[in-house]
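The structure appears right after this line, and notes come after that.
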Amino acid sequence: MDELSRSSADLWNEICTWYWRWVDRQDHWTSKGQMQKWCVNGHDDFQAHSAQAVNDQFYDAINSWHKNNRKGNPPRNRSKKWNKICWKSEAIKLKDDGVIRLSCGRGNHPVLIDWPVGKEPVFVEIGWNDGYEVRATYEVETEDRTTGNKVAGVDLGEKHLAAVSTGDGAFLLNGGELRALRHYQNQTKAKLQSKIDDKERGSNRWEKLVKTKNQQLDHIDNKITDLLHKLSRKLIEMLLERGVSTVVIGELKGIRDSVDYGSRMNQRLHQWAHAKFAQMVEYKAKGAGMIVKYVNEEYTSQTCPKCQHRHKPSGRTYDCPECGYSAQRDAVGAYNIRKKYVGTEDSSRLPGVMASPSGVRFHPHLSCSSRSRRKTQSKSDRQPV
């Protein structure tokens, strides 16, 4: 595995070196196909598809950098000593004795692993995580669990993780627990970094504190990812209960570059995992048989659903200065996102459609029964939580 990991890193460095050499000397952005032909084909250290996967990794990083308007550090001048190794379906074979065979190319010994699952994966990668770690991807057949044909608009937010409008009502998915984890993560990072700065760099105590910091932050990151999975699954179950078959998500591309609300709020926005949560919602929705669409959410939270007047609200409530219409701001955004997809709707239905949205506070350690479908008895129960 050490030899394979070093070979993968050597190929990454070779691709990176030649890519930027052509950019610097000839002002030429080399395509993936050209790099495949010049640097990847004929690489004998491991299987051809594994070499192609390294090329894919590099160009995924380059494309991500370009999509982010070339901000941040591109994959340039980074000398890797180790890199993950990937195998595609053509190089994967599950034997009858329960051992999976990962081909490493002609003349090289394959990687053999006792496989605990009696099903052959379509993609396998091995990377380092305090030891070599195997990750596998399986094909999952889509199960159509939809029971209706409703369209739901989803407005992703930092306070309320998701505001949803289904055409006959709205609800809010609270993100309080996620924000609490982020706050705890920031406190832990600041506390440990302060201790690290007081120690001599490279000393035993310094190295122990750095290791402790990385372990604790990784643990919190895992808890955040787990919570996002649970919240996205909860959201899909609630949509299925309401007969939704099409999910329309507001696209938030570039939102971090266009806002400045001060250091504290900017930190919260830069840690806002909206893209990761949207991706989880998307693949879980598709797995349940739903159709997922994205629309530009520009001005959706500032446009009055009744008179179309554009007004930027200052609080959590949208109050239209033209027609006097009032509703929860995130619910207005979800309604307008849905409206962008389905077209013009009858404004006479607004009082019922835009009633005060029910709030859903999700506790991972409790059952996932939907509170939003219960009949509320008091005014306080009708307020979003």
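What you are looking at is a predicted structure, and each value in this text was computed from that prediction instead of being measured. No hydrogens, no waters, no symmetry mates; every other heavy atom, side chains included, goes into these values.
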Stepwise, does the side-chain contact (heavy atoms from CB on, under 4.5 Å) test hold for V281 with I249? CA-CA 9 Å; V281 171; I249 303 174; 4.2 Å; yes
Hey, what do you get for NZ (K81) to OG (S5), rounding to the nearest 0.5 Å? 12.5 Å
Who pairs with K195 by side-chain contact (heavy atoms from CB on, under 4.5 Å), at least two apart in sequence or on another chain? K191, L209
Side-chain atoms of residues 143-153: list all donor-acceptor pairs with protein atoms under 3.5 Å, sequence neighbours left out, distances to 0.1 Å.
unit_1: D144; atom_1: OD1; unit_2: T146; atom_2: N; d: 3.1
unit_1: D144; atom_1: OD1; unit_2: T146; atom_2: OG1; d: 2.6
unit_1: R145; atom_1: NH1; unit_2: E237; atom_2: OE2; d: 3.4
unit_1: R145; atom_1: NH2; unit_2: E237; atom_2: OE1; d: 3.1
unit_1: R145; atom_1: NH2; unit_2: E237; atom_2: OE2; d: 3.0
unit_1: K150; atom_1: NZ; unit_2: D168; atom_2: OD2; d: 2.6
unit_1: K150; atom_1: NZ; unit_2: R242; atom_2: O; d: 3.3

Check: S203 side chain, E200 main-chain N or O, donor-acceptor pair, under 3.5 Å: yes
Please list, chain by chain and in numerical order, all residues satisfying side-chain contact (heavy atoms from CB on, under 4.5 Å) with N296, sequence neighbours excluded. E298, K340
Between Y335 and Y299, is there a shared hydrophobic cluster once you connect ILVMFWY residues whose side-chain heavy atoms come closer than 4.5 Å? no
Joint hydrophobic cluster, Y283 plus V292, side-chain heavy atoms closer than 4.5 Å: yes
Do the ring centers of W87 and F123 come within less than 6.0 Å of each other? no
Salt bridge (Lys or Arg N to Asp or Glu O under 4.0 Å) pairs touching residues 313-330, sequence neighbours excluded, are R316-D330
In Å and rounded to the nearest 0.5 Å, what is the CZ to NZ distance from R233 to K284? 6.5 Å
Compare every heavy atom of C307 with every heavy atom of C323, then report the nearest pair and how far apart it is. SG-SG, 3.6 Å
Before giving the answer on side-chain hydrogen bond (donor to acceptor under 3.5 Å, both in side chains), spell out for H309 and Q302 the whole-Å C-alpha distance, their side-chain angles and the decisive distance to 0.1 Å. CA-CA 8 Å; H309 174 74; Q302 301 179 24; over 6 Å; no
Listed by chain and number, what are the side chain to side chain donor-acceptor pair (under 3.5 Å) partners of Q187, not counting sequence neighbours? H183
What residues, two or more places apart in sequence or in another chain, satisfy side-chain contact (heavy atoms from CB on, under 4.5 Å) together with V134? I113, W115, V124, I126
Can H160 and N174 be said to form a side-chain contact (heavy atoms from CB on, under 4.5 Å), step by step? CA-CA 5 Å; H160 296 115; N174 189 276; 4.2 Å; yes
Could you list the residues that satisfy side chain to side chain donor-acceptor pair (under 3.5 Å) with N83, not counting sequence neighbours? S8, Q57, K80
Using a 3.5 Å distance criterion without hydrogens, assess whether the side chain of S194 forms a donor-acceptor pair with backbone atoms of A190. no
Applying ring pair (Phe, Tyr, Trp, His ring centres under 6.0 Å) to Y184 and not counting sequence neighbours gives none
Going through the distances and angles, do D226 and K230 end up as a salt bridge (charged side-chain N to carboxylate O under 4.0 Å, His left out)? CA-CA 6 Å; D226 179 67; K230 291 175 179 177; 3.1 Å; yes
So, for P305 and Y325, which heavy atoms are closest and what is the spacing to 0.1 Å? CD-CE2, 3.7 Å
Nearest 0.5 Å, what's the CG-CZ distance between L161 and R179? 10.0 Å
List the steps, then state whether side-chain contact (heavy atoms from CB on, under 4.5 Å) holds for S103 with Q47. CA-CA 6 Å; S103 174; Q47 210 263 353; 3.7 Å; yes
Under the salt bridge (Lys or Arg N to Asp or Glu O under 4.0 Å) definition, can you give me all pairs with a residue in residues 83-101, not counting sequence neighbours? D56-K88, K84-E125
Which atom names give the shortest non-hydrogen contact between N108 and C104, and what distance separates them? ND2-O, 2.9 Å
Which residues pass the side chain to side chain donor-acceptor pair (under 3.5 Å) test with H311, not counting sequence neighbours? none
Identify whether W128 and W12 are in the same connected component of the hydrophobic contact network (ILVMFWY, side-chain heavy atoms under 4.5 Å). yes
May I ask you to decide if G333's main-chain N or O and D155's side chain share a donor-acceptor pair within less than 3.5 Å? no
Taking C-beta and beyond as the side chain, do V54 and V40 meet within less than 4.5 Å on heavy atoms? no
Full working for salt bridge (charged side-chain N to carboxylate O under 4.0 Å, His left out) between E207 and R205: CA-CA 5 Å; E207 290 180 352; R205 185 58 180 160; over 6 Å; no
Pair Y19 and Y59, ring centroids less than 6.0 Å apart: yes
Examine distances only and state if a side-chain atom of Y318 and a backbone atom of C304 form a donor-acceptor pair shorter than 3.5 Å. yes
d(E3 CD, I85 CD1) to nearest 0.5 Å is 11.0 Å
Gap between atom CD of Q215 and atom CG of L192 - 0.5 Å precision: 11.0 Å
Nearest heavy-atom approach of L240 to A288 is CD1-CB, 4.2 Å
May I ask you to check whether W22 and W38 place their ring centers less than 6.0 Å from one another? yes
Please confirm whether the backbone N or O of R182 pairs with a side-chain atom of N186, one donor and one acceptor, at under 3.5 Å? yes
What is the distance from atom CD1 of I224 to atom CZ of F277, rounded to the nearest 0.5 Å? 14.0 Å
Counting N and O atoms only, with roles assigned by atom type, does the side chain of Q26 sit under 3.5 Å from a partner on the main chain of V23, one being a donor and the other an acceptor? no
Pairs in or reaching into residues 185-237: which pass ring pair (Phe, Tyr, Trp, His ring centres under 6.0 Å), with residues at least two apart or in two chains? none
Before giving the answer on side-chain hydrogen bond (donor to acceptor under 3.5 Å, both in side chains), spell out for E120 and Y138 the whole-Å C-alpha distance, their side-chain angles and the decisive distance to 0.1 Å. CA-CA 8 Å; E120 188 174 282; Y138 288 87; over 6 Å; no
Sequence-distant partners of D221, side chain to side chain donor-acceptor pair (under 3.5 Å), two or more places apart: Q185
Compare every heavy atom of T300 with every heavy atom of E297, then report the nearest pair and how far apart it is. O-OG1, 2.7 Å
Hydrophobic cluster membership, I196 vs L217, 4.5 Å side-chain cutoff: no
More than 12 heavy atoms of other residues, nucleotides or ligands under 6.0 Å from CD of Q279: yes or no? no
Which heavy-atom pair separates V117 from L94 by the least distance, and what is that distance? O-CD2, 4.0 Å
Report whether V164 and I291 are members of the same hydrophobic cluster (ILVMFWY, side-chain heavy atoms less than 4.5 Å apart, transitive linking). no
